[in-house]
Amino acid sequence: MPSVGRVEGQYDPHRVEEWVKGFWEKKHVYKLVKEKNRGGKRFNFIDGPPYPSGAVPHIGTAWNKVLKDAILRYKRMRGYDVFDRPGYDCHGLPIEVKVEQKLGIRVKREIEEKIGVEKFIEECRGLALRNVESLTHWFKELGVFMDWENPYLTLRDEYIEAGWWLIKKAADQGLLDREERVVYWCPRCSTTLAEYEIEHADLIDPSIYVKFPVRGREREYLLIWTTTPWTLPANTFIMAHPEETYVRVRVGGDTLILAKARLKNVMEEADVKDYVVLEEFPGEALAGIEYDHPLRDLVPLQEKLSRYHRVVMAPEFVTMHEGTGLVHGAPGHGREDFEVARREGIDYIASPVDDEGRFTEEAGKYAGMYVRKANDVIIEDLRAAGALFHEGSILHKYPVCWRCKTPVLMRTTKQWILRVTKLRDKLVEEAGKVEWIPGWALDRLMHMLENLQDWVLSRQRYWGSPLPVWECPEGHRVVVGSLRELEELGGERPKELHKPWIDRVVLKCPVCGRPMRRVPDVLDVWFDSAIAFYAAKGHPEKLSIEDVILDFIVEGHDQTRGWFFSLLRAGVLGFSRAPYRKVLVHGFVLDEHGREMHKSLGNYVGTDEAIEKMGRDPLRLWVLQNTVWEDPRFSWRWVEEARRDLAIAWNTFVFASTYMSLDGYDPSSHGLGEAAGSLRIEDRWMLSRINSLVKKVTENMERYHVHEAVRALRRFIVEDVSHWYIRLIRPRVWVEENTGDKLAAYAVLYHALWKWLLMASAFTPFLAEKIYQDMYRPSLRDARESIHLYEWPGVDEEYIDRELEEKMDTIRDIYEAVAAARMKAGLKLRQPVRRVVVFTSDPAVAEAAESMKDLLARLANARSIEVRPVERLEEIMEYSVEPVPRSLGPRYRKLTPLITRYIEENPEPVARDILSRGEHRLVLQGREITLTRGDVKITPRYIEGYSVVEKPWGSVAVDTRLTEEEIAEGAARDIVRRIQVMRKELGISLDDYIDTVIALPEKLAELVARHRDYIAGETRSKTIEITTAEPSGEAWDIVREWEIMGEKITIYIRKHREE
RNA sequence: GGGCCCGUAGCUCAGCCAGGUGGAGCACCCGGCUGAUAACCGGGGGGUCGGGGGUUCAAAUCCCCCCGGGCCCA
């Protein structure tokens, strides 16, 4: 006959988790879980690939994976066949940089010169794969059930090939193009830098105001401000704001043009006090004004540029926060300038700077100078030309190379782009069809789509997917969509698709027949992850649309602009659809002060450390209970708190399983059906609560409010089960015989805990598994190998009784008042009292107290509960009344003492009349006297024998008058408790018997003796002696002195041995 | 500089969408309880609901501005 097994010992996460880990491994539980739903309804999910630059995941990454795990476990429990392949984003500069550091490479060209690309690539791959392996280890440690044997890796040939397909597809639509772009450039490393390779550092730079002479005007100048004098040789135009007001100002013999809003600041900075505003006019009026470059004689390039020199309107780039309101435009050195140049139809983009940051011949006098060093020379030349209005310096944030901290330059280069701007309307439409959780994620994305830029695909690096474009000397171009096409074009399949092997593949130009070589660029890593939605599964030609469109993804809110956005672009490019249906956004884990976690700040917490210190389930519980889309603050204290709550959950199961197994409880023969006739009100309450809980947790999981689901589960086990239900059923469980009453409690507890455990298995899978194996598995016929092979519990609507749940809340409230009233009276809960009176005029409270009288009496340890309307509170009140002579004296003069005495002798009627009617009339010495509120000071108090506590809905009074019988019972319970403490100290098992002697003074002995049988029963005493003398000199296991009701008593116990 | 999010007790957060007497847990102090006890129960101190303005009979809640923090971008 199956019966409930036993959960034992204190909750030790590491002990539990190590065991469970081994169990899952040995029994191949993940595989079994997958097989269970194979072929069922699909849940098409994909893991956003983390970047394997480190070996141990950040705690925020742990959250990311655990969140996915909880959701996928839930979906599997709901019967879905879940696609759960994880992935890694393996290419890119961060890995290249680490390898460069390892190999001692300082400049990019050393890669080819010293190491060779082949070796370099091998190193990059090695580093990526090692980190992939390590990260996978930690994700498994966290209990994340994903297909760790088959992750998708962006470095694999099949993956790269899948990417080629999309580029070909884009090219076929005319969306692949090549054009000049302004990029960040590190002059020391001779390379472009992406945004994420830029840091901002405090730097001191020149801050100069330069006068550009207006063509055809005498001593009239456009005044501009710049902190990068080295960009002046490439000046092409000047930008102004059409809607701002500008002024002509006379300074000395010069006329300067600048924005009115900046005038005061500029003059103050230049320390010019004498200036006269000649004219105000709108910025619009400046449009088209031509000027000459002050350095045109020194810089040959300026000959080419002079035809562009005029003022153009650029409201989006001209601010009134700094500068002069006239902005020097050098499209070769700035993105905004570049944009304006394009808009203005300027086709010559000057960028006279080489790879190492030196001026080229075009810059004339400055040729060969390192640009930042040329600043001083340029300033002197400006001064000599009479063009320098003011020179100062500025401390500002300036972008620097994250690797060598060199200030970066902006420089023009040719880059390959995807013209996604042409797809904007479709992107907007598709983004709107997706369900975003929370909704504001869509706002973010839409904002970005409004400012949509073309996608710069190419990078001049090594470790990346190769751009599949080949060109011949005639300028003919092919885009290769697959390896098959490569071979069809006369190429030989290389060893692998990375550089340098792919660069050796030479094709034959289909137009002119000449050899074609590959454009040496690699792809932006965002392109790699963008195609994961299909590339993780294979080449798109072999996939159906249902394979490709994801049901659900979840990542951090930084990915709105990252992965969510790039997936959307790739989805629309490749399939004219958003590639996902629902997107959940999660937050960032900050340190306990709300700052970002950084290794350099010393506030970094790794997953390894968190697991080691706190355990996996506590960590999981903590991360999962945080509001999904907000940024939680990490502190060890919170994880510790989560651990403590799990300990309470664990103890709940220890309690249940201990008694059930002791009694050989078999749920299959004494289940809820059998218990139906014996259910007490608290049982019906518990059944209602657990089903309400299942409903609530399910609803929240369906809308991906994981934190609400987790909080509800946590609250339920701690408060409803541990703190309340178990407390209520405890006495029933202590009964030795298998009464229907006890079995009903078992059935309910067993059932409720099982449903809870099933739900908890999605969130704290280790704890749930261990409890299942220890307690539930032995009790079930056809038990499954693992708890993770069960379905999500259903809701038994017929058990839900909202009214009962509300009533129980009221009972808890009343009970709190009773406890407070007892405390005021110094009556411990063990001491029975005659009665408790609930005074209320709230029908709901009265109804609850009335209908749950028995339960309330048990809780309150009262012989009876009475419910009365609140007016009758008066019956247990009395009033002390003091006359107020200051009020009486002036009115009644000599009568005052008599009135005073009257009041003191008749406090009750005086108080009642004044309180109820506002006055009390009396006749003294023939004179009618009316006492009102001001004449007396009334102090109400409760009569002796009651301790009363007030609540918003009424009052609760505990009758504190104890009879001898009640005192005797209290004493007996006191003694029972002492003996229990001693039993526990003795370390004997729950079902052992003892022998007991209680030695105590005569006056107590009689009282205690009345409850001799009760004491013996509760303490499992086979023999019990109540005596006033010391017992004979037999051997006792424990002897202890106690003080009860102010008297010394001595208790002797020993383990009972059968003769 | 822009977009989005967050700001409520010492700490972490609920309450806000659908306005109606500000809550929980933790921490602290006092008292109690104890056969799941590193637990639990009762009481206490603790709040300009980030600041200011507006709408309203009524604002933590709705609207506007500002400040601080986070993410993304410039």
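Labels below follow one simple rule: chain letters A, B, ... track the order of the sequence lines, proteins then strands, and each chain is numbered from 1. None of these values were measured; they are calculated from a predicted model.
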Engineer: Which whole number of Å gives the distance between the P atom of rC49(B) and that of rG3(B)?
Structural biologist: 27 Å
Engineer: Could you check how far CZ of R644(A) sits from C1' of rG25(B), rounded to whole Å?
Structural biologist: 10 Å
Engineer: Does R711(A) contact rA24(B) through a side-chain donor or acceptor facing the base, at a distance under 3.5 Å?
Structural biologist: no
Engineer: rC5(B) base to R444(A) side chain: any donor-acceptor pair below 3.5 Å?
Structural biologist: no
Engineer: Report which part of the nucleic acid F653(A) touches: base, sugar-phosphate, or nothing (heavy-atom distance under 4.0 Å, all strands).
Structural biologist: nothing
Engineer: I'd like the C1' distance from rA60(B) over to rU56(B), given in whole Å.
Structural biologist: 16 Å
Engineer: Is there a side-chain contact between T627(A) and the phosphate of rA14(B), meaning an N or O under 4.0 Å from OP1 or OP2?
Structural biologist: yes
Engineer: Give one of base, sugar-phosphate or nothing for W440(A), where a contact means two heavy atoms less than 4.0 Å apart.
Structural biologist: sugar-phosphate
Engineer: Taking the same atom, C1', in rG45(B) and in rG31(B), what whole-Å distance lies between them?
Structural biologist: 15 Å
Engineer: For a quick test of reading the model: is some side-chain N or O of R730(A) closer than 4.0 Å to OP1 or OP2 of rA36(B)?
Structural biologist: yes
Engineer: Think R637(A) has a side-chain N or O under 4.0 angstrom from the OP1 or OP2 of rC26(B)?
Structural biologist: no
Engineer: Distance check needed: rC4(B) C1' versus M446(A) CE, whole Å only.
Structural biologist: 14 Å
Engineer: Can we say E244(A) and R262(A) salt-bridge, meaning some charged N sits less than 4.0 Å from an Asp/Glu carboxylate O?
Structural biologist: no
Engineer: Send over the distance from R822(A) CZ to rG32(B) P, rounded to a whole Å.
Structural biologist: 14 Å
Engineer: Strictly below 4.0 Å: does Q10(A) bring a side-chain N or O up to OP1 or OP2 of rA36(B)?
Structural biologist: no
Engineer: Both W650(A) and D558(A) contact RNA chain B. Taking the nearest nucleotide for each, which residue is further toward the 5' end?
Structural biologist: W650(A)
Engineer: Closest-nucleotide mapping onto RNA chain B: is G562(A) or A649(A) further toward the 5' terminus? I mean the 5' end.
Structural biologist: A649(A)
Engineer: Could you tell me whether S722(A) contacts a base, only the sugar-phosphate backbone, or nothing, with contacts defined as non-hydrogen atoms closer than 4.0 Å?
Structural biologist: base
Engineer: Can you tell me the base-pairing partner of rC26(B)? Count Watson-Crick or G-U wobble geometry only, both distances below 3.5 Å, and say none if there is no partner.
Structural biologist: rG10(B)
Engineer: Between atom CD in E339(A) and atom P in rA74(B), what is the gap in whole Å?
Structural biologist: 11 Å
Engineer: Could you state the CD-P distance from E708(A) to rC17(B), rounded to the nearest angstrom?
Structural biologist: 15 Å
Engineer: Using a cut-off of less than 4.0 Å, is there contact between a side-chain N or O of H447(A) and OP1 or OP2 of rG2(B)?
Structural biologist: no
Engineer: To the nearest angstrom, how far is L442(A) atom CG from rG3(B) atom C1'?
Structural biologist: 13 Å
Engineer: Using atom CG of L584(A) as one end and atom C1' of rC5(B) as the other, report the distance to the nearest whole Å.
Structural biologist: 15 Å
Engineer: Could you tell me the separation between the CG atom of L452(A) and the C1' atom of rG3(B), rounded to a whole number of Å?
Structural biologist: 15 Å
Engineer: Between protein and nucleic acid, restricted to nucleotides 42-44 of chain B and to nitrogen or oxygen atoms under 3.5 Å apart, what atom pairs and distances do you find?
Structural biologist:
| from | atom 1 | to | atom 2 | distance (Å) |
| --- | --- | --- | --- | --- |
| rG42(B) | OP1 | E816(A) | OE2 | 3.3 |

